[in-house]
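In what follows, a single structure is set out as C-alpha cells and then discussed.
As a basis for the values below, the full set of heavy atoms in this structure was taken, side chains included, without hydrogen atoms, waters or symmetry mates. Computed from a predicted structure; not experimentally measured. Both ligands and their constituent atoms are indexed starting at 1 by order of listing. If you read the sequence from its start, that first residue is 1, and numbering goes on from there.
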Amino acid sequence: MPLITMKQVMADSLKKALDPNVDPKERYAVGAFNFSTIPEMVGIVEGAREAKSPVIMMLSLGALKYIGSLELVAATARGIAKQYPEVPFVLHLDHATDLEMIKHAVVCGFTNVMIDASSESFETNIAKSKEIADFAHKHSPYGINGCSVEAELGMLAGHEDNINVSEEDAGKAYTDPALVAEFVEKTGIDALAVAIGTAHGFYKAAPEIKFDLLAEIRKNTDTALVLHGGTGVPEEDFRKCVAMGMSKINVGTGLKKVYTDAVREAIATLPADEYDPRKIVGPGRKAIAAEIAAKSEFFNCAGKADAVLKSIY
Ligand code: 13P
C-alpha cells in the first residue's frame with residue numbers, strides 16, 4: 001500500500017469526532033511519533049502493525065539536519081510502506097518554517113507537511129499556511145491532494161529540537177477559539193494544531209489541559225485537531241482529549257527516552273567482545289514498537305487500521 005495522507009488517515013477519526021451521536025468512547029486519535037533514525041521508523045511501523053493501528057511518523061527539523069536529506073527519508077518511507085502493506089501510515093514533516101523547504105518535502109513525497117508560522121502575526125500565519133496548503137494540494141508526486149497540511153494557531157511552550165518557546169511567551173498565546181474558523185477557512189489547511197496547555201519536552205509538573213478551550217475550538221471548526229506535546233500527558237487526559245474530538249496526538253521526547261533507555265541497557269548487558277550493532281540498536285527498535293502499541297491503546301486507535309483503510313478505498 002502506498003503512503004497515505006494525514007487527511008486520509010484521520011478521516012474516520014474526524015467523522016466520529018464531529019458526530020454528536022457517536023459514543024465518545026468510540027472516538028480515537030491517530031498517534032504521531034517523531035523519529036531521527038531508520039530503526040526508529042521501522043519500530044514505529046512495527047508497533048502499529050502489532051496494534052493493528054494507523055500511524056503517523058514525523059521528521060523534525062533537528063532530525064532532518066542529522067539525517068541530511070528529505071529524499072532519503074521519503075524513499076525510506078516508501079520502502080517501509082511496501083514492506084508493511086497492512087499499516088496505513090503517513091510521512092509528516094514537523095514544525096517546518098521555511099516555505100521552500102516545505103515545498104521540497106512535498107515534491108519528495110512527504111504525505112503531510114506542517115507549516116508552523118504560529119509565532120508570526122495572525123495575517124502572516126494565514127498567508128504562509130495558505131501558500132503551503134495551495135502548493136501541497138497540487139504538487140505531490142502522488143497526485144492532487146496527495147499531500148495534506150497541518151498549521152498551528154496559538155503557541156506551545158517547551159524545547160524540542162528546533163523549537164524553543166518560553167512558558168511566558170506561550171502562556172500569552174493559547175489558541176483563540178474565535179479565530180479558528182476564519183483561520184481554517186482562509187488557509188484551506190487539513191488539520192489544526194492547537195495550544196491548550198500542553199508543551200514540548202518533559203514537563204516539570206503535570207500539564208493543565210484547558211478542556212473548556214478544547215470544547216470551544218471543537219465547536220467552532222470541522223477541521224481535524226492536533227495535540228502537540230504528548231510526552232508526559234497522563235493517560236486519562238489523553239482519553240478525555242480523544243473523547244472530546246482530538247484526531248492526532250504527537251509524541252516525541254518520550255519516545256526518544258524509550259529508545260535510548262533500551263539501547264543503554266543493551267550495551268550494559270552485552271559482553272565486552274560483542275560488536276554487532278544490531279544487538280544494540282535492535283532492542284531500541286523493539287522498545288519503540290512496544291511503546292507505539294501501548295500508546296495506540298491510550299489513543300483508542302488500536303484495531304482501527306481496517307476502518308481507516310475502508311474509509312479510503
Ligand atoms: P513531545 O516531545 O513533548 O512529546 O512533543 C512532540 C511534538 O509535539 C512534536 O510536534
Quick one: look at [X] and ligand 1, take heavy-atom pairs under 4.0 Å, and tell me if it's side chain, backbone, both or neither.
X: Asn34; answer: side chain
X: Asp94; answer: side chain
X: Ala199; answer: backbone

- Message: Could you tell me, atom by atom, which parts of ligand 1 come under 4.0 Å of a heavy atom of His228?
- Response: 8 (O), 10 (O)
- Counting each atom of ligand 1 from 1 as listed, which ones have a heavy atom of His95 under 4.0 Å away? 10 (O)
Considering distance alone, does some N or O of [X] sit under 3.5 Å from an N or O of ligand 1?
X: Gly229; answer: yes
X: Met58; answer: no
X: Gly201; answer: yes

- Answer yes or no: is there a side-chain heavy-atom contact under 4.5 Å between Gln8 and Thr5?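 Yes, close enough: below the 4.5 Å cut-off.
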- Keeping to residues at least two apart or across chains, list the side chain to side chain donor-acceptor pair (under 3.5 Å) pairs with something in residues 37-50. Ser36-Glu40, Thr37-Glu40, Glu46-Tyr84, Glu46-Arg285
- Message: Atom CD of residue position Glu185 - does it have more than 12 heavy atoms of other residues, nucleotides or ligands inside 6.0 Å?
- Response: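 Counting other residues, nucleotides and ligands, CD of Glu185 stays at 12 neighbours or fewer.
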- For this output row, return yes or no: ring centroids of Phe238 and Phe299 closer than 6.0 angstrom.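 Yes, the ring centres sit under 6.0 Å apart.
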- Query: By ring pair (Phe, Tyr, Trp, His ring centres under 6.0 Å), which residues pair with Phe110, not counting sequence neighbours?
  - Reply: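 Per chain and number, Phe110 pairs via ring pair (Phe, Tyr, Trp, His ring centres under 6.0 Å) with no residue.
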- Is Glu150 salt-bridged to Lys248, going by a charged N under 4.0 Å from an acidic O? yes
